[in-house]
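These notes concern the structure reproduced below.
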Protein chains: 2
Amino acid sequence: MAEGGPGPGSGESLLFLTDEQLRKGIEAMFFAYRGFTADPDRILEEHAYGRAHHRAIHFIKRSPGTTVNNLLGILGVTKQSLNRVLRTLIEDGLVESRIGRRDKRERHLFLTEKGAALEGEISDVQRARMRTAYRAAGPAAVAGFRQVLEAMMEPEMKRQYQSLKDGGT
Amino acid sequence: MAEGGPGPGSGESLLFLTDEQLRKGIEAMFFAYRGFTADPDRILEEHAYGRAHHRAIHFIKRSPGTTVNNLLGILGVTKQSLNRVLRTLIEDGLVESRIGRRDKRERHLFLTEKGAALEGEISDVQRARMRTAYRAAGPAAVAGFRQVLEAMMEPEMKRQYQSLKDGGT
DNA sequence: AACTTTATGTCAGCCTTGTTGACTTTCCAA
DNA sequence: TTGGAAAGTCAACAAGGCTGACATAAAGTT
């Protein structure tokens, strides 16, 4: 699949995508994702939780009252796997599970005050890093960053992502 | 930590970083990383390997002859964890481990032809997705993407990342 | 009313990939 | 030459994925 790299002089208006360039992009994703999860991981460890717990409370915070099934779709894990995490979060009093009023089979999930506190703590450090990175890179870079990430998503996840439209801008 | 969102009219020259904006960035990373690993995961599954194996052969390909210790620094796992993965790759004939000539404690790692074949197969699909995303987003977006990712890395990882400088451009 | 489907939860067991602890071999420096 | 440090290996454990089987309750269908 080698692209037969264009020389230094070939059109910059098209894309100059040598395998080396693409490889750098791939490694950038790899290392950046580690940075992205580093702060949350530190906090979670103090509380004896893992990333799985973080993902759950993140999306419950984003969509309070979401059902277990919704969450399964977003997280892309099995119900057994999610259930294990959810059970401990409920036992520990971070998440509340309310039986649906219209459809009593459904469980609607909410963060308790305690759960919101942990979510907030993690959210804060994660946003802080994102904010720093954004400021270092500048507004144009931020737009590009989001565009590339969006183009990299699987179609179904892209829908999930876009279903929460941008707040202000 | 709420930023007290600036209204639609406030200076676009500074950064317009509402919590909502930052949250979108966080979710973009989350969903994009899934897309990023989706194709490799499919191929790896056919060969009964996991992401850990992929990471190993990726960085051995990038730096042939690297030692186990070097690899540990890059991958950020324990040597025991890496060793298990390495052992199966060596048993399966994808990786060759040569005892160091100067320092016999060291093992220098190389991909065999078979290992290079798998690495290439995975690399191809991963680059293909990256290329598609880059093309969809355009050159300016690509630059921004890389800038933000780099700003998001932990300092030590940033050094690792930058140690392989850009090929052409 | 009987049957089927859906939503959720649970138990059991497996696999990958992280972890720590203990150990061997090799190297180097006092 | 001997003791510590470094590189690598083996053993055992934990988290969090997975599948399969099954239970319950509520909805929906016939």
Side-chain angles (χ1 to χ4, degrees), chain A residues 30 33-34 37-38 40-60 65-92 95-110, chain B residues 30 33-34 37-38 40-60 65-92 95-110:
Chain A
F30 173 71
Y33 196 77
R34 285 247 292 270
T37 55
D41 284 351
R42 273 188 284 273
I43 293 172
L44 289 160
E45 201 182 5
E46 293 168 20
H47 297 257
Y49 291 126
R51 275 186 210 174
H53 302 86
H54 179 206
R55 291 195 285 271
I57 63 178
H58 174 98
F59 285 105
I60 292 172
T66 188
T67 64
V68 173
N69 232 1
N70 281 340
L71 215 45
L72 286 178
I74 290 171
L75 298 177
V77 297
T78 58
K79 63 175 181 175
Q80 293 92 331
S81 198
L82 175 59
N83 189 254
R84 180 173 28 201
V85 165
L86 233 32
R87 197 191 315 162
T88 76
L89 289 173
I90 292 169
E91 279 171 6
D92 295 355
V95 168
E96 194 192 336
S97 166
R98 294 185 207 151
I99 292 178
R101 286 208 306 127
R102 289 211 330 253
D103 187 332
K104 291 180 188 163
R105 291 171 306 179
E106 295 178 340
R107 299 299 134 92
H108 299 278
L109 303 169
F110 300 87
Chain B
F30 173 71
Y33 197 77
R34 286 248 292 270
T37 55
D41 284 351
R42 272 188 284 272
I43 293 172
L44 289 160
E45 200 182 5
E46 293 169 19
H47 297 257
Y49 290 126
R51 274 186 211 173
H53 302 85
H54 179 206
R55 292 195 284 270
I57 62 177
H58 174 99
F59 286 105
I60 293 172
T66 189
T67 64
V68 173
N69 226 8
N70 281 340
L71 216 45
L72 286 179
I74 291 170
L75 297 177
V77 297
T78 58
K79 59 183 178 172
Q80 295 89 332
S81 194
L82 174 59
N83 187 255
R84 178 176 26 207
V85 164
L86 235 32
R87 195 193 314 157
T88 75
L89 290 172
I90 291 168
E91 280 171 4
D92 295 354
V95 168
E96 195 193 334
S97 165
R98 297 184 206 152
I99 294 179
R101 286 206 306 128
R102 290 209 330 253
D103 187 335
K104 290 179 189 163
R105 291 172 303 179
E106 295 179 340
R107 299 298 132 93
H108 298 280
L109 304 170
F110 301 87

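To find a chain, count down the sequence lines: A is the first, B the second, and so on, and within it residues start at 1.
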Going 5' to 3' on DNA chain C, which nucleotide is the first and which the last to come under 4.0 Å of a heavy atom in chain B?
C/dT17 to C/dC27
Taking the six-membered ring of B/Phe110 as reference, does the cationic atom of B/Arg98 (NZ for Lys, CZ for Arg) lie under 6.0 Å from its centre and within 45° of its axis?
yes
Test log, rule side-chain contact (heavy atoms from CB on, under 4.5 Å), inputs B/Leu75 and B/Phe59
CA-CA 9 Å; B/Leu75 297 177; B/Phe59 286 105; 3.6 Å; yes
In whole Å, what is the span from the CZ atom of A/Arg107 to the P atom of D/dT24?
14 Å
Going by number, which of residues 74-88 of chain B have a non-hydrogen atom under 4.0 Å from DNA chain C?
B/Val77, B/Thr78, B/Gln80, B/Ser81, B/Arg84
Report yes if the side chains of B/Ile99 and B/Arg107 come closer than 4.5 Å at any heavy-atom pair, otherwise no.
yes
All heavy atoms of B/Gly50 vs all of B/Leu44, minimum pair found to be O-CD1, 3.6 Å
Contacts of A/Val68 and A/Arg105 projected onto DNA chain C by closest heavy atom; the upstream (5') one is A/Arg105
Under 3.5 Å donor-acceptor pairs involving side-chain atoms of residues 77-86 of chain A, not counting sequence neighbours:
{"unit_1": "A/Thr78", "atom_1": "OG1", "unit_2": "A/Ser81", "atom_2": "N", "d": "3.3"}
{"unit_1": "A/Asn83", "atom_1": "OD1", "unit_2": "A/Arg87", "atom_2": "NH2", "d": "3.4"}

By ring-ring contact (aromatic ring centres under 6.0 Å, His included) - contacts of A/Tyr49 (at least two apart):
A/His53
Can you tell me the distance, in whole Å, between the CD atom of B/Glu45 and the P atom of D/dC18?
11 Å
Going by the rule ring-ring contact (aromatic ring centres under 6.0 Å, His included), which residues pair with A/Tyr33 if we only count those two or more places apart in sequence or in a different chain?
A/Phe36, B/Tyr33
Taken in chain and number order and not counting sequence neighbours, the residues that satisfy side-chain hydrogen bond (donor to acceptor under 3.5 Å, both in side chains) with A/Asp41 are A/Arg51
Atom CD of A/Glu106 and atom P of D/dA26: how far apart are they, to the nearest Å?
13 Å
Check every strand shown and say whether A/His108 touches a base, only sugar-phosphate, or nothing at a heavy-atom separation below 4.0 Å.
nothing
Grab the CD1-P distance between A/Ile99 and D/dT24 for me, whole Å please.
16 Å
Relative to the 5' end of DNA chain D, which residue comes earlier, A/Arg55 or A/Lys104, by the nucleotide with the nearest heavy atom?
A/Arg55
